[in-house]
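Here's the structure, in structure tokens; my notes come after.
Counting begins at 1 with the first residue of the sequence.
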Amino acid sequence: MPSDQSTWLISIPLNGDSEGVHQEITHKVIQQLRTYPPNSISQFSIPSFKTGTLDSLIALSEDLPKQETYFTATVAKVVDTLRNLLNNDPSRLAQHILVDERSVDSYVLNNWKWNEGRYGVQKGLREMVDTLNKEMSSIDNSMRAKLTSYNLVKGSLVQMQRKKTGNLSVRSLVDVVSKEDFIGDSEYLETLLVAVPKNLVKDWNSRYERLASMVVPRSAQSIVSDDEYTLYSVVVFRRVHDDFVQKCRENKFIVRDFVYSEEDIGNQRQELQTTDTTEKELWTELLHLSRTNFSESFQLLVHLKVIRLFIESVLRYGLPANYTGLAIKPDAKSAKKLFGILQSHFSYLGSRASGAQSKAKTSEDFVGEYQSLMEQDFFDFVMYEVPWIVN
């Protein structure tokens, strides 16, 4: 039973009119599942590729599952990047999860066609698969590079912004203090900044002058307060700096490691502004790249699925390689019944598939490593799923 969280791509041998197959199965489904929307079943064009040799088809059939897993994971990573950029907002995400400016459902279910301009069917299957792999690898690499650049800048910005938050014992003091809070250049004196817990303010005011031997009397000035601390400036002689800091630590007063420099403060502010601007620019670039790469990578995934449909159809039903397809979006409530209808309707294909497999098994060219491939359990029709990655 296929997943009810994926769109089903089905391939069957074409015996007559492909539109007739679509109309027939649509009529039967609607007749038995009266609430099923007719636009959830559509024709799905499967090109007539060059088949090549049996060995080459089987080799590809064995290779493609691994490639399909990689393609699916790459598309999923692009979607995850978009989710993170858009703060997991479903409405905003839906505006960017588009394939050639159409919804995913519209792309798959609305008269899908093979991109002949980019992947001409005159090429061999292996060459086309290699081309698809090369393009998907390029998308994956470009996403990795851009995401790494963005995350580095974003990390730096978060770190800078974090310094502006928190209480006065830890936050940056660049935007808290001013030049007037410090004494001028002095060979012997310096201004220290001390974060005093609110419950120890009275203790600080009564004791700070005696914490070291050379503290300037009545030099402590309250600069600013928050919910937990009050920040004081105090003037001490440089020679008692270490002793004063030690005594403050013993009394739970926190001396902030800060030296006032207009040049350093200006540089820090400029760095924050530059990093903020760079982050916004990279965010926009990554968003545009992700939007474009989702469209490209999803198309590559569907094209790879179609190649799998074709190869499996040849291995099951043999030549001539003339097949038609259906794209079906199941409903979770009726998916089991829908699949039952498909099995019943296409049960006539069972004998043809069995015949093709038996013929292949008796071929002198079909030996050893390929044997298990034809002994797998199959439905009477060929089916592959396109997962609803965007859900």
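Heavy atoms from other residues, nucleotides or ligands lying under 6.0 Å from CD of Glu250 number more than 12. Atom NZ of Lys252 has 12 or fewer neighbouring heavy atoms from other residues, nucleotides or ligands inside a 6.0 Å radius. Applying the 6.0 Å contact sphere to CG of Asp100 captures more than 12 heavy atoms from other residues, nucleotides or ligands.
Residues Tyr232 and Phe258 are members of separate hydrophobic clusters, defined by side-chain heavy-atom contacts under 4.5 angstrom among Ile, Leu, Val, Met, Phe, Trp and Tyr. Both Ile58 and Leu319 belong to a common hydrophobic cluster when Ile, Leu, Val, Met, Phe, Trp and Tyr are linked at side-chain heavy-atom distances under 4.5 angstrom. Residues Ile41 and Leu109 do not share a hydrophobic cluster, clusters being chains of Ile/Leu/Val/Met/Phe/Trp/Tyr side chains in contact below 4.5 Å. The cluster map of Ile, Leu, Val, Met, Phe, Trp and Tyr, joined by side-chain heavy atoms under 4.5 Å apart, puts Tyr317 and Tyr348 in the same cluster. Cluster membership check: Phe346 shares its hydrophobic cluster with Met383, using side-chain heavy-atom separations under 4.5 Å among Ile, Leu, Val, Met, Phe, Trp and Tyr.
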What verdict does the side-chain contact (heavy atoms from CB on, under 4.5 Å) test give for Tyr323 and Val382, after you've listed the backbone C-alpha separation in whole Å, the side-chain angles of each residue and the deciding distance to 0.1 Å?
CA-CA 10 Å; Tyr323 311 104; Val382 179; over 6 Å; no
Under the criterion side-chain hydrogen bond (donor to acceptor under 3.5 Å, both in side chains), I'd like the reasoning laid out for Thr165 against Gln161: C-alpha separation, chi angles, the key distance, then a yes or no.
CA-CA 7 Å; Thr165 61; Gln161 291 174 333; over 6 Å; no
Let's go through Asp140 and Arg144 carefully: what are the C-alpha distance in whole Å and the side-chain angles of both, what is the deciding distance for salt bridge (charged side-chain N to carboxylate O under 4.0 Å, His left out) to 0.1 Å, and is it a yes or a no?
CA-CA 6 Å; Asp140 192 20; Arg144 287 174 187 270; 3.5 Å; yes
Given side-chain hydrogen bond (donor to acceptor under 3.5 Å, both in side chains), test Ser169 with Asn167 step by step and report yes or no.
CA-CA 5 Å; Ser169 70; Asn167 59 49; 2.4 Å; yes
Worked verdict on Leu98 versus Tyr107 for side-chain contact (heavy atoms from CB on, under 4.5 Å)
CA-CA 9 Å; Leu98 301 173; Tyr107 171 72; over 6 Å; no
Can Val121 and Glu116 be said to form a side-chain contact (heavy atoms from CB on, under 4.5 Å), step by step?
CA-CA 7 Å; Val121 295; Glu116 179 75 22; 3.5 Å; yes
Could you go through Gln273 and Thr277, starting from their C-alpha distance and side-chain angles, then the distance that decides it, and tell me whether this counts as side-chain hydrogen bond (donor to acceptor under 3.5 Å, both in side chains)?
CA-CA 6 Å; Gln273 182 178 352; Thr277 301; 5.4 Å; no
Steps toward side-chain hydrogen bond (donor to acceptor under 3.5 Å, both in side chains) verdict (Gln5, Ser3):
CA-CA 5 Å; Gln5 297 295 306; Ser3 170; over 6 Å; no
Going through the distances and angles, do Leu315 and Leu54 end up as a side-chain contact (heavy atoms from CB on, under 4.5 Å)?
CA-CA 8 Å; Leu315 293 175; Leu54 177 61; 3.6 Å; yes
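Chaining together hydrophobic side chains whose heavy atoms lie under 4.5 Å apart leaves Val170 on its own.
In this structure, the side chain of Arg249 does not engage the main chain of Val255 through any donor-acceptor pair within 3.5 Å. Side chain of Arg238 to main chain of Ser186: a donor-acceptor pair is present (N/O by atom type, distance under 3.5 Å, no hydrogens or angles). At least one donor-acceptor pair closer than 3.5 Å links the side chain of Ser56 to the backbone N or O of Thr53. With hydrogens and angles ignored, the 3.5 Å screen pairs no side-chain donor or acceptor of Arg316 with any backbone N or O of Ile12. A side-chain donor-acceptor contact under 3.5 Å links Ser137 to the backbone of Asn133. Tyr208 places a side-chain N or O within donor-acceptor distance of the main-chain N or O of Arg218, the cut-off being under 3.5 Å.
Between Thr81 and Phe294 the shortest side-chain heavy-atom distance does not fall below 4.5 Å. By the 4.5 Å heavy-atom criterion applied to side chains, His303 and Leu300 are not counted as neighbours. The shortest distance between side-chain heavy atoms of Arg118 and Glu135 falls below 4.5 Å. Leu272 is not listed as a side-chain neighbour of Gln268, based on a closest heavy-atom distance of 4.5 Å or more. When side chains are defined from C-beta on, Glu101 counts as touching Arg291, because their heavy atoms get closer than 4.5 Å. Using a 4.5 Å heavy-atom cutoff, the side chains of Val75 and Pro387 are not in contact.
Considering every non-hydrogen atom in both Ile307 and Leu125, the closest pair reads CG2-CD2, 4.2 Å. Contact detail for Arg256 and Arg171: the closest heavy-atom pair is NH2-O, 2.8 Å. The two residues Cys248 and Leu211 have their closest heavy-atom pair at SG-CD1, 3.9 Å. The two atoms that bring Val224 and Leu168 nearest to each other are O-CD1, 3.5 Å, heavy atoms only. For the pair Thr51 and Leu57, the tightest heavy-atom approach, listed with the atom from each and the gap, is O-CD2, 3.1 Å. The minimum heavy-atom distance between Val176 and Ser172, with the atom names listed, is CG2-O, 3.9 Å.
Taking Arg239 as the reference, nothing meets the salt bridge (charged side-chain N to carboxylate O under 4.0 Å, His left out) condition, with sequence neighbours excluded. By the salt bridge (charged side-chain N to carboxylate O under 4.0 Å, His left out) test, Arg308 is found to be paired with Glu68, residues two or more places apart in sequence or in another chain being considered. Every residue meeting the salt bridge (charged side-chain N to carboxylate O under 4.0 Å, His left out) condition with Asp175, not counting sequence neighbours, appears here in chain and number order: Lys164, Arg269.
The pair Lys134-Asp130 does not count as a salt bridge, with every side-chain nitrogen at least 4.0 angstrom from each carboxylate oxygen. Under 4.0 Å is where a charged nitrogen must lie from a carboxylate oxygen, and between Asp80 and Arg83 at least one such pair does. Using a cut-off of 4.0 Å between Lys/Arg side-chain N and Asp/Glu carboxylate O, Glu127 and Lys50 are scored as not salt-bridged.
For the residue pair Thr7/Trp388, the side-chain donor-acceptor check at 3.5 Å is satisfied. Gln299 and Ser295 share a side-chain donor-acceptor pair at under 3.5 Å. The closest side-chain donor-acceptor pair between Tyr260 and Asp181, if any, does not fall under 3.5 angstrom. Side-chain atoms of Ser313 and Ser11 form a donor-acceptor pair, as typed in the model, at a separation below 3.5 Å.
When each of Val78, Thr148, Thr74 is checked for a side-chain contact (heavy atoms from CB on, under 4.5 Å) with Met143, only Val78 meets the rule. Paired with Trp283 under the rule side-chain contact (heavy atoms from CB on, under 4.5 Å), one option of Val153, Thr278, Leu85 passes, and it is Leu85.
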Which side-chain N or O atoms in residues 188-204 pair as donor and acceptor under 3.5 Å with protein atoms at least two apart or in another chain?
from: Glu190; atom 1: OE2; to: His241; atom 2: ND1; distance (Å): 2.7
from: Thr191; atom 1: OG1; to: Ile183; atom 2: N; distance (Å): 3.1
from: Lys198; atom 1: NZ; to: Asp226; atom 2: O; distance (Å): 2.6

Residues 328-343 side chain polar contacts: donor-acceptor under 3.5 Å, at least two apart:
from: Lys329; atom 1: NZ; to: Asp105; atom 2: OD2; distance (Å): 2.5
from: Asp331; atom 1: OD2; to: Lys333; atom 2: N; distance (Å): 3.1

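When ring centroids are compared, Phe49 and Trp114 come within the 6.0 Å threshold.
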